[in-house]
J.: 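Pasting a structure here, questions to come.
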Amino acid sequence: MADWSECLDVAVDIARRAGQMVSCAVQLEKRVSSKSTPTDLVTEADHQVEELIISTLREKYPTHRFIGEESSAAGVKCELTDSPTWIIDPIDGTCNFVHSFPMVAVSIGFAVRKELEFGVIYHCFDGTLYTARKGHGAFCNGVRLQVSKEKDVSKALILTEIGAKRDSATLDIFLGNMKKILSAPTHGVRIIGSSTLSLCQVASGAAEAYYQYGLHCWDIAAAAVIIREAGGCVMDTTGGPLDLMSRRVVAAGTREIAEYVVKQLQPINYGRDDL
Ligand SMILES: O=P(O)(O)O[C@H]1[C@H](O)[C@@H](O)[C@H](O)[C@H](O)[C@@H]1O
Ligand SMILES: [Mg+2]
Ligand SMILES: [Mg+2]
């Protein structure tokens, strides 16, 4: 059975190179535009970094498929097939990047026959590297990761992200969900502006759970492998199996906390990545 470890090594190398490109660009003048909503920002650096990653990988693996955030925004079909597929967020936390707020990552996931095989997430500001390969554990700078085993939600720190929709009805549901989570009571809620780095906090045990409506497959793919290999669970917001293209997720160190979060949530409909 293919072990894909060579592909993981290549992913680590290109994630580091891309992350260093981002950390250089953060100090430069940025040309900012928006995509699905005025708060869904994109810069030239997002495009340049995605081009670097995909062109490098395509040259080495010409038969592989690629799903990239900015290619998808440009109209390339976002389709997960049985082929080896790279799932890429060139800059996760673009709004943070624009503001030089130090929570920005490069995320590279990899799937074969629609199964996530490995994930690499590189923190562009401090060089922290999160990696995981299915069946081989999860690591942060080479040190094994272990999720929090906390089952008591009143002792939990829970992370989420706002998402791109900011209309009044969506914000009412978003804030209502947060109120339910805070009223458990939990120790707190944190929003850091990067789905992938938030999910890495769950993998490292620094937070007990993460939930979001409105993220994408490229936010979830790498982090899902890292959390699972750190002993955590990643599921749909209904409590069912993760649907990578559904633009929603609940992840936690323990099933007890995940199921508590699921029970509090009112859904926000962001559609799907593959429609
Ligand atoms: O667009 P990038 O790649 O920066 O990803 C962010 C999304 O844009 C946000 O909506 C979402 O809420 C998260 O912040 C996510 O990290
Ligand atoms: Mg991005
Ligand atoms: Mg993102």
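Hydrogens, waters and symmetry mates are skipped; everything else that's a heavy atom, side chains included, is used. Computed from a predicted model, the values in this text were never measured in an experiment. Atoms within each ligand, like the ligands themselves, are counted from 1 in listed order. The residues of the chain are indexed from 1 along the displayed sequence.
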J.: Hey, is there an N, O or S on V42 sitting under 2.8 Å from the Mg ion (ligand 2)?
T.: no
J.: Between the side chains of S107 and D89, is a donor N or O closer than 3.5 angstrom to an acceptor N or O?
T.: no
J.: Considering the heavy atoms of T94, write down every atom of ligand 1 situated less than 4.0 Å from one of them.
T.: 4 (O)
J.: Relative to the heavy atoms of D89, which atoms of ligand 1 are at a distance of less than 4.0 Å?
T.: 3 (O)
J.: Please report whether ligand 1 has a polar contact with L41, defined as an N or O pair separated by less than 3.5 Å (distance criterion only).
T.: no
J.: Would you mind finding which of I192, D92, D40, V98 brings a heavy atom closest to atom 16 (O) of ligand 1?
T.: D92
J.: Distance under 4.0 Å to a non-hydrogen atom of S194: what atoms of ligand 1 satisfy this?
T.: 16 (O)
J.: So which protein heavy atom does atom 11 (C) of ligand 1 come closest to, and at what separation?
T.: Q212 NE2, 3.5 Å
J.: Give the atoms of ligand 1, by number and element, whose distance to some non-hydrogen atom of G163 is under 4.0 Å.
T.: 10 (O), 12 (O)
J.: How about NZ on K179, more than 12 heavy atoms from neighbouring residues, nucleotides or ligands closer than 6.0 Å, or not?
T.: no
J.: Could D152 and K155 be called an ion pair, given the rule that one side-chain N must be under 4.0 Å from one carboxylate O?
T.: yes
J.: Starting from atom 13 (C) of ligand 1, find the nearest protein heavy-atom neighbour and note its residue, name and distance.
T.: S195 OG, 3.1 Å
J.: In terms of atom number and element, which parts of ligand 1 are under 4.0 angstrom from non-hydrogen atoms of A164?
T.: 10 (O)
J.: Just checking, is any N or O donor in the side chain of S194 or D92 under 3.5 Å from an acceptor N or O on the other one?
T.: yes
J.: Would you mind telling me which of F139, Y130, W86 makes a ring-ring contact (aromatic ring centres under 6.0 Å, His included) with F118?
T.: W86
J.: I'd like to check atom 9 (C) of ligand 1 in this structure: does the protein have a heavy atom lying under 4.0 Å from it?
T.: no
J.: Measure the distance from atom 14 (O) of ligand 1 to every protein heavy atom, then report the residue, atom name and distance (to 0.1 Å) of the closest one.
T.: E161 OE1, 2.9 Å
J.: Any side-chain donor paired with an acceptor under 3.5 Å for E150 and T254?
T.: no
J.: When you measure from the Mg ion (ligand 3) to the N, O or S atoms of D219, does any of those distances fall below 2.8 Å?
T.: yes
J.: Students should be able to answer this: which protein heavy-atom is nearest to atom 7 (C) of ligand 1, and at what distance?
T.: D219 OD2, 4.8 Å
J.: Classify the side-chain pair S34/D40 by whether it contains a donor and acceptor separated by less than 3.5 Å.
T.: no
J.: Short list, please: which atoms of ligand 1 are under 4.0 Å from a heavy atom of G93?
T.: 2 (P), 3 (O), 4 (O)
J.: Any nitrogen or oxygen of E69, main chain or side chain, under 3.5 Å from a nitrogen or oxygen of ligand 1?
T.: yes
J.: Is there a donor in the side chain of T85 and an acceptor in the side chain of R65, or the other way round, less than 3.5 Å apart?
T.: no
J.: Using heavy atoms and a 4.0 Å limit, tell me yes or no: is I91 in contact with ligand 1?
T.: yes
J.: With the Mg ion (ligand 2) at the center, what angle do OD1 from D89 and O from I91 span, rounded to 10 degrees?
T.: 90°
J.: Would you say the side-chain atoms of R58 and H64 include a donor-acceptor pair closer than 3.5 Å?
T.: no
J.: Does R247 use its side chain to pair, donor to acceptor, with the backbone of L215 at less than 3.5 Å?
T.: yes
J.: Any N or O on G214 sitting closer than 3.5 Å to an N or O of ligand 1?
T.: no
J.: Taking atom CZ of R166 as the centre, report whether more than 12 heavy atoms of other residues, nucleotides or ligands fall under 6.0 Å from it.
T.: yes
J.: Is there a donor-acceptor contact under 3.5 Å linking the side chains of Q212 and T160?
T.: no
J.: Got a salt bridge between E44 and K30, using NZ or NE/NH1/NH2 to carboxylate O under 4.0 Å?
T.: no
J.: Has E69 got an N/O/S atom less than 2.8 Å from the Mg ion (ligand 2)?
T.: yes
J.: Checking one value in my table: which N/O/S atom of D92 lies closest to the Mg ion (ligand 3)?
T.: OD1
